[in-house]
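Input: a single structure, listed below in C-alpha cells.
Computed from a prediction, not measured in an experiment: that's the story for all the values here.
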Amino acid sequence: MLLEQNGEYEAAADTYARALDRVSASDERLWIAWASLARAQCSAQQYSDAVSSYARAAELLDVCEPSRRQLLGFTLGHSLALFFAGELEDSLHMFERTLSQTEGEAEQPAVSLMLAQVLWALGTDEHRALARQHLVDAMSESAYTPGLSALFAMGLLTDDADLVAAAHAELRSADDPTYSCARLESYLAILRGDPVAGRRALSRALHRRPDDASLWLLAADFELLCGQRRPGKSAAALELFGLASRGHYSWSKAPDLAVVNSAKLQTAVSALSIQSRTTGNQGAARRAVMYQPWAGYIYQSSAGIYTLMPLAQRVVAKIEAIVDDEMQRVGGQKLAMPNLLTPDNWIKTGRWDSTGDELFAFQDRKQSTMLLGPTHEEEITAIVKSMVRSYRQYPLRLYQITRKFRDEARPRAGLLRGREFVMKDMYSFDVGEQRAVDTFYALERAYRRCFDRIGVPYAVAEADSGNIGGSLSKEFHFVSSAGEDTLLKCSSCDYSANEERAQSVASSNSNAVDVYRGVITNEKAQTIREFRVVVPAQHRLNLLKIKSAWPANAREELKMTPIATVDASNPASVCQSILAESGSGDIEYLIDESIDGRVLDALRDGVEDACAVRAKDWRLAQTGETCARCKHGKLESQRAIEVGHIFYLGDKYSKAMDLNVVYQGQRSHVQMGCYGIGISRILQAAAECSNADGRGLRWPVAIAPYLATIVPLDGMDHVAELYSVLEGVRIHNAQLFKSNIVVDDRDYLSAGFRLHDAQLLGIPVTIVMGRRFKQMSEVEVQLRVPMLALPQHVAGIAVQGDGYEHKAYVRVDKLAEFLACAFESHLQRQQLAES
C-alpha cells in the first residue's frame, strides 16, 4: 500500500503477487490480496493482467463476506479494468451490475454517468440512445432541475461547450453554487481541453463536502473522461474509485496541485510596496522582522505570541524532520511531557526562586499553584527516578519537541524573543562522569550535523550555563549582524566563546585600574550584600560572572557604581585607596586576575579575613586582545543569533531530587545533560540570515516551504505538464522537487504583484511561464538560493546573477538538466552533512 501511495505501481503489483504465495487458500484475506493485486495492476496500466486478477478474486466472493463499500469498490475497479482493456461488452455488464448495487443510494447518479460513457463508447445508435437515457436518469436523481439536466446531457454528448456553459450560468443562482458549479465546470473543462481547470473545480467542491462519496465518484468519473481523451489517466481514476469505495475522504487526496491561493493568505500590501519600504536606511535585521508577517509566514496574535501560518508550518516540519533524524541517530527516544506543571520539583532544585518573573505561574480553581514549563529538567528527572530501577537501563537519551513558555519582560524581534516558542529538548542520563561527558560530545557532533543539513552558516562557542547549571556548556549560533549575542573568535586557533564566557590576556595602555562598588538588594530594596570589584581601566565588567560569585536568586537585583580610577604602579597606594572607599562592615573584594599580583597580596594583608578577597576573571574580553588559549592569536568579534545550547549538568538535578543508582557496589547520583534547539528560533533566524538584498527571503534548500513555484502569467494551460517535469528532476537518484512544488494560481492578481511576491516568499526556484513560453517554449528560471555560486553557463545555458539571485531562460526540454546541474553541489553538501 505504501508503494501505491508513492506512485510505484509496478513495484506494488510485484509485492502483492509475492504476498499471494503466503496466503492459504482458506484464508479470507485471499480475496483482498487478489483484489489489491488487480488494483495495482490497473494503476500500472497492466489492464489484461488486472482483468485476470479481478476474475480470480470474483471466484472467491462466495467464501468471504465483503462489506457493501468493499464490494462497490471491487465492481467499479473490475468495470474499469475491462473498459481500458477494450472489453467494452463485459465492461457494460459489470457497470450494470454496479448500478444495481447502488440503486437508491447516493452513488447511483455518478455510476449512471459512467455507464452512459461506456454505452456511448460502444458507438451504435441503440447504445447511444441508452446513454442519453442514463444521463437523463443521472441528472434527475441529482440536485439539478430537469431543464438544466437536458442542457447538460446534450452538451456533454455532442461536445457542445456552449450548451454546458448555459447550464453552468443558470447554476450560478443555485443554493450551493460552489458545489453545484464544480460538477459542471469539470465537464466543461474537458470539452475545452483543460483538465487542470476541471481538477481545480472538483477540488473546491471536495473541500466544501469532503465526506460526499458521490462527489469522489464524480472525480473518478472525471479522470475516466480524461483517460478517454488523454491516455494514461486511468491510474488516477482508479485511485479515486478506491478512495470513494473505502471511505478515505482525505482532502489531501483531492486531484489538485498545491496552489499559493490556499497556502498563503493574502497580505495587506503588495510585495513591491514591502520591498520599497525595506530599502534605504533600515538595516537587514529590521527588514527580516517585517518580512515574515508581510509574506504571510506568521501572524502576531499579541506581544510575543505568534500563529505559524501554513507556509511557516512547512518550514518547521522540515526542521523537525532533520532534528528527529539526528536525535534518533544517536539513540534518542521521543516522548511528550506536559506543559502544565506543579512547582514541587522546581522548589526542590531551587529554580523556583532563581528563575524569577520569567516563569508563567498562576493558580487554578482550587488555589493550587501551577506553571507553564519553560524547560523540563525537573519533570524528566522525576520520570526517570520513578521508572528506572537498575544501572542496566542506562544510558538514556529522551527528547521531545513541544511548545514552551517564558514571560519575557520585553518581547521583541519576532520569534527570537517570544513568550511562546517551539523547542526540542533532550535529556541524557549516564552512570559515571566520563560517560556523561562522552554523551555531551556525541550530542555536539549530532548538533553540528543538524545545522550542516539546515544549511545556514553557524558557529559553535563556549558559553555560560546560566540558570540551568552545569560545568560544561556550548552554544550554536547563526552568524548574523542582526544577532543579540557577541561571539569572540581567535584568529589563530579554533577558540570561540560567547562574550560573557570568553577569556583573554588583558591589554591596557596604562597602569590604571577601575574600582566599582557593588550591592545586591532584595525585593524590598534592602542591601543584603556589598562588595568591591577592581578591573583594568577601560574594561567592562562581566556582570554574569559577578552574579555567579554567590548563590543565585532572580528576585535579587545587582547594582554597580564606579568609584574611582587608581594608578596601579604603586600597589600599596592602590590597596589604601580601595580600603579607604570601603568603610566598615563585611565587604568582599573581587580582583581581576590580570592585575599585578602585588596589589592582591597587599589587599589580603590589609583586610581581617583574607578569604574575602577573590581573584578571578571579572571583566569582559575585548576585540583585539590576545587569545588566552594559544597566547598569540587575536580575538575577533561577530554578532550572532543563538539557536541551540547544550549543557553537561553533572548531578545538579539528580542530587537535588535524589536520583541515584548502584553501580559496581557503590551508590552514586546519575550524571545528566540537557540539549536544546530552538525550532521556531531557527525559523526566524534563517530568515534573518537570508534577506540581504532587500527583495525578500532566501530559504536554504533543506528547509524551504517549497523548492519551486510556478508562476503562469497567461493561464493555467500546460502547468500540469511543467509540474510533472519538475517532479521528475533527479539528482543522484533523488527526486529533489517531489511534493515540493507550488503553483501561483492567483490569476486575479497582476503579473507584477505575483513576480515580486515570489521574491518575497523566498522559495528557491521560481519558474515564470510568460510570452516566451508560448513563442519558444522557454521559461524564465529565477534562483534565490543562499550560498549558491553558479558559473556564467550551466548545462550550456547562459546565467545572469548579482550574488543574491540568478536568472536564466531555459527551454522546457532542458529544464530538468539545468536544475540538476545547478543543484548538484547543494545536494552533495547535504549528503556529506547526513554522513
Side-chain angles (χ1 to χ4, degrees), residues 284 288 291-292 295 297 311-327 329 415-416 422 424 444-460 475-483 638 640-644 677-693 696-709 729 731-732 734-741 759 761-766 782-790 801 803-806 819-835:
Y291 277 147
Q292 289 217 56
Y297 282 91
L311 288 173
Q313 194 58 40
R314 284 184 65 92
V315 178
V316 167
K318 291 186 178 184
I319 297 170
E320 289 181 357
I322 292 173
V323 172
D324 273 328
D325 186 36
E326 293 300 338
M327 293 303 100
R329 186 173 172 181
L415 299 173
L416 294 182
V422 181
K424 186 282 303 180
E444 180 188 348
R445 293 191 292 272
Y447 269 45
R448 289 179 183 269
R449 290 195 298 270
C450 281
F451 293 114
D452 285 339
R453 291 174 62 178
I454 287 171
V456 177
Y458 70 95
V460 184
E475 292 174 341
F476 293 78
H477 295 261
F478 286 168
V479 178
S480 169
S481 59
Q638 58 184 359
I641 302 170
E642 182 185 348
V643 289
I677 287 181
I679 302 294
S680 53
R681 281 182 70 88
I682 291 176
L683 172 66
Q684 177 81 40
E688 298 278 359
C689 297
S690 66
N691 70 98
D693 66 346
L697 302 172
R698 292 191 306 155
W699 290 108
V701 171
I703 63 173
Y706 293 94
L707 289 184
T709 176
V729 174
I731 308 173
H732 302 304
Q735 287 182 284
L736 186 65
F737 293 93
K738 188 175 179 62
S739 302
N740 267 306
I741 308 166
Q759 290 181 321
L761 291 174
I763 294 173
V765 180
T766 300
Q782 301 174 2
L783 303 177
R784 289 183 61 78
V785 183
M787 298 183 295
L788 180 65
L790 293 181
Y804 301 103
E805 183 172 288
H806 297 82
L819 291 175
C821 292
F823 278 88
E824 184 173 11
S825 61
H826 254 66
L827 195 63
Q828 287 175 343
R829 279 202 300 268
Q830 178 82 0
Q831 292 175 341
L832 183 63
E834 291 178 2
S835 65

Query raised in the report: By side-chain contact (heavy atoms from CB on, under 4.5 Å), which residues pair with Ala704, not counting sequence neighbours?
Result: Trp699, Leu707, Pro764
Query raised in the report: Considering only heavy atoms from C-beta outward, does the side chain of Thr709 approach that of Leu761 to under 4.5 Å?
Result: no
Report task. Taking the side chain as every heavy atom from C-beta outward, state whether Tyr458 and Val456 have any pair of such atoms under 4.5 Å apart. Result -> no
Query raised in the report: Does the side chain of Arg329 reach to within under 4.5 Å of the side chain of Arg449, using non-hydrogen atoms?
Result: yes
Query raised in the report: ring-ring contact (aromatic ring centres under 6.0 Å, His included) with Phe476: which residues, sequence neighbours excluded?
Result: Tyr447, Phe451
Report task. Go through the steps to decide whether Ile641 and Glu688 satisfy the test side-chain contact (heavy atoms from CB on, under 4.5 Å), and finish with yes or no. Result -> CA-CA 9 Å; Ile641 302 170; Glu688 298 278 359; 3.8 Å; yes
Report summary line: When rounded to the nearest 0.5 Å, the distance separating CD1 of Ile682 from SG of Cys450 is 8.0 Å
Report task. Using the test side chain to side chain donor-acceptor pair (under 3.5 Å), find all partners of Glu642 that sit at least two apart in sequence or belong to another chain. Result -> His645
Report summary line: One should read off an interatomic distance between Ile763 CD1 and Tyr706 OH, to the nearest 0.5 angstrom, of 8.0 Å
Report task. Could you tell me whether the side chain of Arg784 reaches within less than 4.5 Å of the side chain of His806, counting heavy atoms only? Result -> no
Report summary line: Only residue of Val701, Ile703, Val643 satisfying side-chain contact (heavy atoms from CB on, under 4.5 Å) with Ile454 is Ile703
Query - Closest non-hydrogen atom pair between Pro705 and Tyr297, with its separation - result: CG-OH, 3.5 Å
Query raised in the report: ring-ring contact (aromatic ring centres under 6.0 Å, His included) with Phe737: which residues, sequence neighbours excluded?
Result: Phe823
Query - Contacts of Ala317 that satisfy side-chain contact (heavy atoms from CB on, under 4.5 Å) - sequence neighbours left out - result: none
Query raised in the report: Under 4.5 Å between any side-chain heavy atoms of Arg453 and Asp325, yes or no?
Result: yes
Report task. Provide the full list of salt bridge (Lys or Arg N to Asp or Glu O under 4.0 Å) pairs with a residue in residues 311-324, sequence neighbours left out, each pair given once. Result -> Asp324-Lys334
Report summary line: Residue set satisfying side chain to side chain donor-acceptor pair (under 3.5 Å) with Gln782, at least two apart, ordered chain then number -> Glu780
Query raised in the report: Counting N and O atoms only, with roles assigned by atom type, does the side chain of Arg681 sit under 3.5 Å from a partner on the main chain of Leu416, one being a donor and the other an acceptor?
Result: yes
Report summary line: Taken in chain and number order and not counting sequence neighbours, the residues that satisfy side chain to side chain donor-acceptor pair (under 3.5 Å) with Glu444 are Arg448, Lys474
Query raised in the report: If you round to the nearest 0.5 Å, how far is SG of Cys689 from CZ of Arg698?
Result: 11.0 Å
Query raised in the report: Going through the distances and angles, do Gln759 and Glu805 end up as a side-chain contact (heavy atoms from CB on, under 4.5 Å)?
Result: CA-CA 9 Å; Gln759 290 181 321; Glu805 183 172 288; 3.3 Å; yes
**Report entry** Residues forming a salt bridge (Lys or Arg N to Asp or Glu O under 4.0 Å) with Arg445, sequence neighbours excluded
**Finding:** none
Query raised in the report: Would you say the side chain of Ile319 lies within less than 4.5 Å of the side chain of Ile677, judging by non-hydrogen atoms?
Result: no
Query - Minimum side-chain heavy-atom gap Val729-Leu736 below 4.5 Å - result: no
